[in-house]
Each structure stands twice: as C-alpha cells, then as structure tokens.
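Each remark here refers to the structure printed beneath this line.
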Protein chains: 2
Amino acid sequence: MAQVDTVTRILDAAEELFAEHGFAETSLRTITTRADVNLAAVNYHFGSKKALIQAVFSRFLGPFYKLVESSLDSHEKMHPDSILSIEDILRFVARAMANVTQGDRNRLAIFMRLLGLAYNQGQGHLRKFLQTEYRSLFRRVMALITKATPDLQPVERFWRFHFMLGAAAFTLSSMENLRAIVEHDFDTKCTEEEVVGYLLPFLAAGIRAK
Amino acid sequence: MAQVDTVTRILDAAEELFAEHGFAETSLRTITTRADVNLAAVNYHFGSKKALIQAVFSRFLGPFYKLVESSLDSHEKMHPDSILSIEDILRFVARAMANVTQGDRNRLAIFMRLLGLAYNQGQGHLRKFLQTEYRSLFRRVMALITKATPDLQPVERFWRFHFMLGAAAFTLSSMENLRAIVEHDFDTKCTEEEVVGYLLPFLAAGIRAK
DNA sequence: TTTTGAGTTAAACGTATGTTTCAAACAGTT
DNA sequence: AACTGTTTGAAACATACGTTTAACTCAAAA
C-alpha cells in the first residue's frame, strides 16, 4: 500500500479542487495530477465522475451526520421532553461541524461551497443524492426547528430554513475572501469562531422575525 | 432584419439556459439552437462565451442599476435628511429588481447566480467585471444601511450585510428548485413575490438582531 | 450597375473531456 | 516459487466543446 491510500488522495484533491473551481470546471486530469495518481484510478475506484462527487460529499457528511445524531440522542436522553431553542439547535449543528472540520480549517468553506453548488447546479444529481441519502437527519433537525418555532406556517418555515442555509453557505464558503476584505477595510482580523459567533444570532433573529 | 434581432434572440436563449443549467453546463450549441441562430453568431456578435455571459448580465444590471439610483435620487430630493429604515432600503432594491425582471421570471435567478459565482469564483473574470461595474451602487446602499443601523459595530455590520446577501443569493438563485420542493412537500405553489415577501422580514430581523 | 461591407452559413479545426482498454506490477495465499 | 485476484500504468477512444475559416447573401451606397 502506498503512503496514503489512493482513494483518499483522490478524495482530498477532488475536495479542494471542486470547492475552488466547481464541478464542471474541474477535470479528472487536474484531480489525478494533484493526487499524484493515474487518470484511470478515478473510474476504477469510483466508477464515474458523478460517483466521485457524491463520494466527496459522503466523506464529509457521514461523520457529520453521525455526530449530530449522537449528540441529539444523548441530549434527549438526558433531558427528555425538553424543547430546544433555535440557538440551541444551531449550536448543536455548529459544534458538530467544528468537530468534523477540525484539523483542516478550509474544510468548512469547502463543504459549504459544495453545498451551494449542489443547490444551484441545474437538475443536479447532487441534490437528489443528498435528499435521499440524508433525509432522516434533515427531517429530525427540521422537526426540532418546528418545535422551536410553533407559530410559523410550514411553508414560511421552509423558506426561512433555506434563508438560514443560504446565509451560512454563502458567507462560510467565501470566508477566505470576506476575511481578507475585513482585514483591508477595517484593519481587523476575524477568526472562524468569531464569524460563526456573528452568524448564529443573525440566523436566530431571522427565523423568528415578526 | 429578422423578426427579432439575432443579438436579442441569443441573449434571450442564453439567459434562460444559464439560469436553468449554469454557465459551464450550457454550451454555445445549445444556446444557438434554441435561439434558432447559427453557431458562429455568438462569436461574431459577442466575441466569446465569456463576453456573452457578461452581456447577459449587463442587460440585467444596466436597467437595475439606473432604477435603484434614480429612485433613491428622487426619494432623497423629496425627503432630504430622512433616514431610511432597513425595510425601506430592502423595498427599494426589491422593487427595482421586480421592475427589471417583470415579464421574465428567470432573470432574477440569473442575476443571483452570477452574484454567487462572482463571490465564490476565486479570481474569475466575473468577479472583476462585477466589481468595476457595481461598485458605486454597492457603496451607496451600504451607506444607507449604515445610517439605518447606527448601533452596529462596523465589522459586525459588514458580516450581517453579507449574511443578507447570502440568504438572498442562495435562495433566489435556486428558486426554481426550491419552489418545486415546496409544491411537492406542501402541495402549495409559491410566487416569486411571495418568496420575496418571506425574505425581506427575515433579512430585516437578522440585521438588527439582539 | 457595380461595389461594398455587415451578416449569415456550413464546415472544419484544435483541444479538452470522461471513459475504456489491456498489459504490467503488486500483494497475499497456498 | 507459483498462482490469483487486485491495483496501477500508458495509451487510445469517442465525443463535445469554443473558436475560426471562407464562401455566400443581400441590401444600401457610389
């Protein structure tokens, strides 16, 4: 076996390059070159480019999924019948993300960029893949949000949820650029934690507007 | 001259297809086929695909830009020294957008998609094009927002502004997809106006959180 | 009438893409 | 050491792309 698994090297390279340039704009040759792997390796190990894209998602979403599930489970075991506030829910999610991305600062931005692309990319196989593969987690979080915002109409809650998703995906995915602007315009540095600290109150206030 | 100008037919087709499938995923052949125009016409009239993308955007941005400027001008002439609320500012922008996009539903998605790409795409031609084309309007709106939120720290206002931008860009650019989900999950149809009607209170509440 | 020049057309060009092929190299088992 | 299934390697394949070319159309100017 090589120093690092071929599959892993491909996933690492693809993750970075997809986030940087998008899916259609990133060729398998660029990926395999950066991964220092033969071109055919992608089709051998993953089957197709589409499958590689989905694999990139799964590697991130899998651990994230389990972490959110387990932390929610343990919380519900300790505090049954408790109703989480929006802030609580967001903190749970944010903490899981921080845990999954820890060690690789760019990983959060990368994932958010992928998420944004997945939503925008036309009749994407990506969105359907995400929807079917991670429906139960989505529903569980959505159910918590529903309990936390009992006065909201379902449709409006749906839209506000995606407003939150958009605010997070957009800013966190271009965090690098935005932080550079902040440093230039305000002569201040922002850590990732500070940005998340700004974000969560914004989201919470937004979802219970009026 | 044909029934409709070749240039216009190309722009119309490109606008629809870009919104539907994205830029990289839309080929010139698809565009020229739908426009019922020869393939070479794009390169003859616009020079390149990049230039076509910018032209599509300019056709939207030009009128939008002028509309916001003039409506702000006339308001300031009628009510000098008045301080606009966040809701007022958002309504000005939304109304200009509605005016520019009226009659063609995809235009809003196009614009938002371009905006997202411009922010995400590291050093693409889009970002520079938008920055130079967009700057003075951006600064004017930002100044109004500053007056409307005097208690906010500049850095936090900067972030909250981009949270708003993100929520809008993300949801409006994938509005087609999201509306389909709403129709499937809630058995309800959402008009664009309704979505914007949901969006603005969310944004306003978010930017003055706490 | 002839000339001009912008507009259109069909075809081709060069390049880049995702994918496939098949022989060579490898690792583990007997 | 020989066999076996798995992984890699270099090359080719078929296709799709953006772009360019050069012949052609045709209305208006000279």
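All values reported here derive from a predicted model rather than from experimental measurement. A, B, ... follow the sequence lines: proteins, then strands. Residue 1 opens every chain.
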Can the ring centroids of Phe60(B) and Phe111(B) be said to lie less than 6.0 angstrom from one another?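 Yes, close enough.
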For the ring pair Phe18(B) and Phe57(B), is the centre-to-centre distance below 6.0 Å?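 So the answer is no for these two rings.
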Let me know the distance between NE2 of His21(A) and P of dA16(C), rounded to the nearest Å.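 Taking atom P of dA16(C) as the reference, NE2 of His21(A) is at 16 Å.
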Once you round it to whole Å, what is the distance between P of dT17(C) and CD1 of Ile31(A)?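 To the nearest whole Å, that distance equals 10 Å.
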5' to 3', nucleotides 10-21 of chain D under a 4.0 Å protein heavy-atom cut-off (B base, S sugar-phosphate only, - none) gives B-B----BBBBB
For a salt bridge (Lys or Arg N to Asp or Glu O under 4.0 Å) check, start with the C-alpha distance between Asp73(B) and Lys66(B), then their side-chain angles and the critical distance, and finish with the verdict. CA-CA 10 Å; Asp73(B) 285 344; Lys66(B) 284 173 189 165; over 6 Å; no
OP1 or OP2 of dT8(D) versus the side-chain N and O atoms of His45(A): is any pair under 4.0 Å?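 It does, given that an N or O in the side chain of His45(A) lies less than 4.0 Å from OP1 or OP2 of dT8(D).
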Strictly below 4.0 Å: does Thr6(B) bring a side-chain N or O up to OP1 or OP2 of dG7(C)?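 Thr6(B) to dG7(C) OP1/OP2: no side-chain N or O under 4.0 Å.
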Lys/Arg-Asp/Glu bridge criterion (N-O < 4.0 Å) met for Lys189(B), Glu194(B):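 Not counted as a salt bridge, because no side-chain N and carboxylate O are separated by less than 4.0 Å.
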Taking ring pair (Phe, Tyr, Trp, His ring centres under 6.0 Å) as the criterion, tell me which of Phe202(A), Phe170(A), Phe163(A), Tyr198(A) meets it with Phe163(B).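 It is Phe202(A), the one option of Phe202(A), Phe170(A), Phe163(A), Tyr198(A) that forms the ring pair (Phe, Tyr, Trp, His ring centres under 6.0 Å) with Phe163(B).
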Evaluate the criterion side-chain hydrogen bond (donor to acceptor under 3.5 Å, both in side chains) for residue pair Thr30(A) and Ser27(A); output intermediate values, then yes/no. CA-CA 5 Å; Thr30(A) 312; Ser27(A) 71; 2.7 Å; yes
